Amino acid sequence: MELAAIASAAVPGLAPTGVAGAPDDAADFDSALLVDDAGKQWRVRSPRHAEASMRLETELQALRAFSPAVKAELPFLIPHMAGSVRQGELSTFVYSHLAGTTRSLAALTAAGQEMARELGRVLAAIHELPKDMVQRADLPDYEADEYRHRKLNELDQAATTGRIPAILLRRWEHALEDVTLWRFSPTVVHGDLHEDHLLVSSGRVSAVTGWTDLSISDPAEDFAWLAAAEDTGFVDAVHEAYVEARTSAVDPHLSRRAALAAEFALAQWLVRGVALEDAAMISEAEGMLATLEADVESIEREQHEAAERARHAQEERLAWGDDLGTDSYGPRHDGGLHDGGLRVDGVPGRPGTDARPAAGSTADASTHGISVQNGHDAAPNGRTDDDGRTGSHAYDPDGPAAPRFHRLPETTPAQAAGHSGDPSEPRHDDHATASGSSLAYARLTAGRQRTAATSSKVTLLRNTEQSAGSPDDVATSALPIVSFGS
């Protein structure tokens, strides 16, 4: 009711006759859909605190940066600001209605390959936006290394809370210090992309909302929300469609950084909770971080055991080779080692780094400065490297113990991958379970969707002027509507 009154003040002549809750970040905004006496629909977003109000001001700045020519090239619509009203330090904004409804990530995934291709094309369209529109609007613009250092500063800030598990701090620090992971070409990014900001109509994404964090930075940011998807094949299809739609090459580490962003979102959630002195947010973040901590410990335990098995297998092979005089292990001219088709190369610029062979690999896990280049890494055998760190040295969710977005094995890495270890055999994830990354991020997603009921008296809006064949165009379908004056 209060939001309806505020909207009336923001848009002259607006006479609301109904209101429904709308998905949003409940920690930052109160949000609702309004219906006026002419049947037109509006969206209102009201900030809960000054920082959220500044984000809405930034969104207004971002939306004004979209010229008519740029809008015409987009395969989706963006919001139009209809009016605003200021109350003290906080500004509430009202937007004209955009056709379509939000869908849960599970519903998007269930829509299959065509929806995956649609999402890939939408992501590509965002990342193909001209950089000068962001620069002219004086919005954030980061080079790759500048962005990495910004994340390191955020990690330091999270560490000062004293609430982040040490194993996660070490894991994220190692990933952020691996400069090879951060060699990407910055693009325009939405910055807060997730299912609540995608409106779907007639099987396609009709509009993208929530442009409060528009910037030039890491394109992986816009993929982080997909970490909560249980169907990794769907995520792969999104990525493939994205690569196909981009006009420039996509860096090979985008998915790895997206998985990192999904995990690090939990630390950011905690920092926000501490800043807002919100005990519920802090408790929720600590619980999700504890879940992730347990999963990472499981991953590292599996990797250590795999490295131990590899070491023993290597010793046996060397012993048999020496006895038979057929030892094929020897120095290569390029400074690496070789064994038949398995290539083991030196890692430039990483002195003192432990080797991390995959489960079942025969590479010597005790040799410094080498890395098995078969697409899979394993952690060192419980050793500490030159700077005193232990555990995983490379953030690689694509390895057998932790495939993309960290689907964890219930038993062994090979069983989790759904095959016996033969790389030519297709993988199946039937027995895999979602990791702390996916589960925790899913809970974080659910936290965004909490909306308070505006009244105990609820009816449903019936729109008889619905477009033919397009039930999604009723943005309030299946949403509780509170009718005024009844």
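In this text the structure is predicted, and so the values were computed from the model without any measurement.
- Counting heavy atoms from C-beta on, the side chains of Thr212 and Thr58 never come closer than 4.5 Å.
- Taking 4.5 Å as the limit, every side-chain heavy atom of Trp182 sits out of range of all side-chain heavy atoms of Glu177.
- No side-chain heavy atom of Val189 sits less than 4.5 Å from a side-chain heavy atom of Ile216.
- Residues Ala62 and Leu214 approach most closely at CB-CD2, 3.7 Å, considering heavy atoms.
- Using the six-membered ring where Trp is involved, His190 and Trp211 have ring planes that are tilted, between 30° and 60° apart.
- Once rounded to the nearest 0.5 Å, the distance linking NE2 of His174 with CG of Asp178 reads 10.5 Å.
- Within the 3.5 Å criterion, the main-chain N or O of Val235 finds no donor-acceptor partner in the side chain of His239.
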Salt bridge (Lys or Arg N to Asp or Glu O under 4.0 Å) for Arg170 and Glu300? Distances and angles first, verdict last. CA-CA 12 Å; Arg170 183 176 67 244; Glu300 292 201 352; 3.8 Å; yes
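- A donor-acceptor pair is defined here as one N or O able to donate and one able to accept, closer than 3.5 Å; such a pair exists between the side chain of Gln61 and the backbone of Ala137.
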Candidate pair Ser104 and Glu195, rule side chain to side chain contact (heavy atoms under 4.5 Å, CB included), full reasoning: CA-CA 6 Å; Ser104 68; Glu195 61 273 25; 5.6 Å; no
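- Between Trp172 and Phe264, the angle of the ring planes goes over 60°, which puts this pair in the perpendicular group of the 30/60° scheme.
- A side-chain N or O of His312 and one of Glu308 form a donor-acceptor pair less than 3.5 Å apart.
- The side-chain heavy atoms of Arg257 and Phe184, taken from C-beta on, include a pair separated by under 4.5 Å.
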Please lay out, stage by stage, how His253 and Arg256 fare under the test side chain to side chain donor-acceptor pair (under 3.5 Å). CA-CA 5 Å; His253 301 304; Arg256 295 172 62 189; 3.1 Å; yes
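- Between the side chains of Trp269 and Glu284, at least one donor-acceptor pair of N or O atoms lies under 3.5 Å.
- The minimum heavy-atom distance linking Asp28 with Arg55 is given by the pair OD2-NH1, 2.7 Å.
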Report the C-alpha distance between Leu74 and Ile78 in whole Å, list the side-chain angles of each, state the deciding distance to 0.1 Å, and finish with yes or no for side chain to side chain contact (heavy atoms under 4.5 Å, CB included). CA-CA 9 Å; Leu74 292 174; Ile78 65 171; 4.1 Å; yes
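- Shortest non-hydrogen contact noted between Thr187 and Pro219 is OG1-CB, 3.6 Å.
- Contact of the Arg163 side chain with the Val274 side chain is registered, since non-hydrogen atoms from C-beta on lie closer than 4.5 Å.
- Atom OG1 of Thr102 and atom CG of Leu198 lie 9.5 Å apart (nearest 0.5 Å).
- Atom CG of Leu176 and atom CG of Leu181 lie 8.5 Å apart (nearest 0.5 Å).
- Between Tyr142 and Asp218, every side-chain heavy-atom pair lies at or beyond the 4.5 Å cut-off.
- Nearest approach of Gly191 to Asp222, heavy atoms of both residues: N-OD1, 3.0 Å.
- For Ser298 (side chain) and Ala294 (main-chain N/O), no donor-acceptor pair under 3.5 Å exists by modelled atom type.
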Would Val179 and Arg183 satisfy side chain to side chain contact (heavy atoms under 4.5 Å, CB included), going step by step from the backbone distance to the final call? CA-CA 7 Å; Val179 294; Arg183 291 172 182 165; 4.1 Å; yes
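- Here Leu193 contributes atom CG and Ile126 contributes atom CD1; the two are 5.0 Å apart, rounded to the nearest 0.5 Å.
- Counting all heavy atoms, side chain and backbone alike, Leu98 lies closest to Ala207 at CD1-CB, 3.7 Å.
- Of the inter-residue distances, the one linking Leu56 atom CG with Leu90 atom CG reads 9.5 Å to the nearest 0.5 angstrom.
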Might you work through the side chain to side chain contact (heavy atoms under 4.5 Å, CB included) test for Met281 and Leu276, ending with a clear yes or no? CA-CA 9 Å; Met281 283 181 64; Leu276 296 173; 4.1 Å; yes
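- At least one cation-pi condition fails for Arg45 and Phe93: the charged atom is not both under 6.0 angstrom from the six-membered ring centre and inside a 45 degree cone around its axis.
- Here the rule is salt bridge (Lys or Arg N to Asp or Glu O under 4.0 Å) with Arg121, and of Glu114, Glu244, Glu128 only Glu114 fits it.
- A side-chain donor-acceptor contact under 3.5 Å links Ser46 and Thr92.
- In this structure, the side chain of Thr109 does not engage the main chain of Asp231 through any donor-acceptor pair within 3.5 Å.
- Side-chain contact of Glu57 with Ser91: a donor-acceptor pair under 3.5 Å is present, judged by distance alone.
- Annotation: side-chain hydrogen bond (donor to acceptor under 3.5 Å, both in side chains) contacts of Glu154 (sequence neighbours excluded): Lys151, Gln268.
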I'd like to know whether Glu297 forms a salt bridge (Lys or Arg N to Asp or Glu O under 4.0 Å) with Arg301, so could you lay out the CA-CA distance, the side-chain angles of the two residues, the decisive distance to 0.1 Å, and finally the verdict. CA-CA 6 Å; Glu297 287 176 341; Arg301 183 167 56 251; 5.6 Å; no
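- Judged by distance alone, the side chain of Thr161 and the main-chain N or O of Ala158 form a donor-acceptor pair under 3.5 Å.
- Scanning all heavy atoms of the two residues, the minimum distance from Ala262 to Ala227 falls at CB-CB, 3.3 Å.
- How far NE2 of His127 is from OG1 of Thr247: 12.5 Å, rounded to the nearest 0.5 Å.
- The shortest side-chain heavy-atom distance between Val134 and Asp141 does not fall under the 4.5 Å cut-off.
- Between the side chain of His197 and the backbone N or O of Asp192 there is at least one donor-acceptor pair closer than 3.5 Å.
- Inter-residue side-chain proximity for Arg171 and Glu263 is flagged as met; some heavy-atom pair is nearer than 4.5 Å.
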